[in-house]
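First up is the structure itself, then whatever we jot down about it.
Both ligands and their constituent atoms are indexed starting at 1 by order of listing. Count residues from 1 along the sequence.
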Amino acid sequence: MSDESHEPSKRLFFALDCAPAQRRAIAQWRSALQLRTGRPVPAENFHLTLLFLGSVDVAQIADVCSAAGKVRVPGEPLRVELDRLDAWRRAGALVLASEQAPPALLRLVYALEQAMLPFGFEETSKEFRPHLTLMRDYRAPVPESTTPPEFFLHADHFALFESHKGRYRTLAQWPLIR
Ligand code: ATP
Ligand code: MG
């Protein structure tokens, strides 16, 4: 694409973002792992994906936002425990995951999936597994960690992000309590 300002589509996903202090704490914990393989995700990109939309026509974005804005669940702030370090072989990702996904988070993801159905985006066949990616192109066993992960991601809103050249931009966000 020669002129970026005239892109007909954007790569979009819904996610919970990660507060700056928490990003720093997680990045610090990651450095203590002294990983020698993989590509570290920049701390400013730490997030928990709710629903990946992929390529969306720019002309559709306003309607996508309006549909997302009608989501009224879970109606409470979210607290997601990230207490498990996992290496996902097929995805080549080292992730912080949840032993147990909170039901309120699952309700939000389900509601977003339903809200996006009319747009006919390709549905993700994968089961939703809440996680925060620490490394990409990671193809090694789970590293030994001296301090077990014990992070809590607190969210009082969810957001629509654009992914462009390895950077994310918040396009819109909605409070969980309205
Ligand atoms: P890059 O691909 O440039 O290395 P990235 O993976 O962070 O960086 P994207 O591929 O745009 O950027 O992904 C944005 C978010 O959407 C990430 O959380 C990613 O895991 C998720 N995602 C990307 N592709 C898919 C997919 N096909 N299905 C489900 N989630 C996806
Ligand atoms: Mg990717």
Can you pull out the closest protein heavy atom to [atom]? Residue, atom name and distance to 0.1 Å, please.
atom                    : value
atom 7 (O) of ligand 1  : Y168 OH, 2.2 Å
atom 12 (O) of ligand 1 : S163 OG, 3.5 Å
atom 31 (C) of ligand 1 : F52 CG, 3.3 Å
atom 19 (C) of ligand 1 : R136 NH2, 4.2 Å
atom 17 (C) of ligand 1 : H47 NE2, 3.5 Å
atom 10 (O) of ligand 1 : R11 NH2, 2.8 Å

- Message: Please list, in number order, the atoms of ligand 1 under 4.0 Å from a heavy atom of R39.
- Response: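 It comes down to these atoms of ligand 1: 4 (O).
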
- Item | Distance filter under 4.0 Å to K126 heavy atoms, resulting ligand 1 atoms |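 Listed by number with element: 28 (N), 29 (C).
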
- Mark whether atom 22 (N) of ligand 1 lies under 4.0 angstrom from at least one protein heavy atom.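 Under the 4.0 Å cut-off, atom 22 (N) of ligand 1 does have protein heavy-atom neighbours.
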
- Within residues 97-117 or reaching into it, pairs that qualify as ring pair (Phe, Tyr, Trp, His ring centres under 6.0 Å) - sequence neighbours excluded: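 Residue pairs passing ring pair (Phe, Tyr, Trp, His ring centres under 6.0 Å), neighbours aside: none found.
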
- Among F158, F161, F121, which one satisfies ring pair (Phe, Tyr, Trp, His ring centres under 6.0 Å) with F13?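 When F158, F161, F121 are each tested with F13, the ring pair (Phe, Tyr, Trp, His ring centres under 6.0 Å) holds only for F161.
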
- Task: Measure across R178 and V71 and return the closest heavy-atom pair with its distance rounded to 0.1 Å.
- Result: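 The pair with the smallest heavy-atom distance is NH2-O, 2.5 Å.
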
- So which pairs with a foot in residues 25-54 pass side chain to side chain donor-acceptor pair (under 3.5 Å), sequence neighbours left out?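 Checked against side chain to side chain donor-acceptor pair (under 3.5 Å) - neighbours excluded - the pairs reaching residues 25-54 are R39-D137, H47-T49.
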
- Task: Taking the six-membered ring of F46 (Phe, Tyr or Trp), confirm whether the NZ or CZ of R23 is under 6.0 Å from its centre and within 45° of its axis.
- Result: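 No, R23 and F46 do not form such a contact.
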
- Message: Would R72 pass as a cation-pi partner of W174, given that its NZ or CZ must be under 6.0 Å from the six-membered ring centre and within 45 degrees of the axis?
- Response: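 No, a cation-pi geometry is absent between R72 and W174.
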
- Query: What do the steps show when you test R107 against E76 for salt bridge (Lys or Arg N to Asp or Glu O under 4.0 Å), and what is the final call?
  - Reply: CA-CA 11 Å; R107 287 205 297 277; E76 58 185 88; 3.4 Å; yes

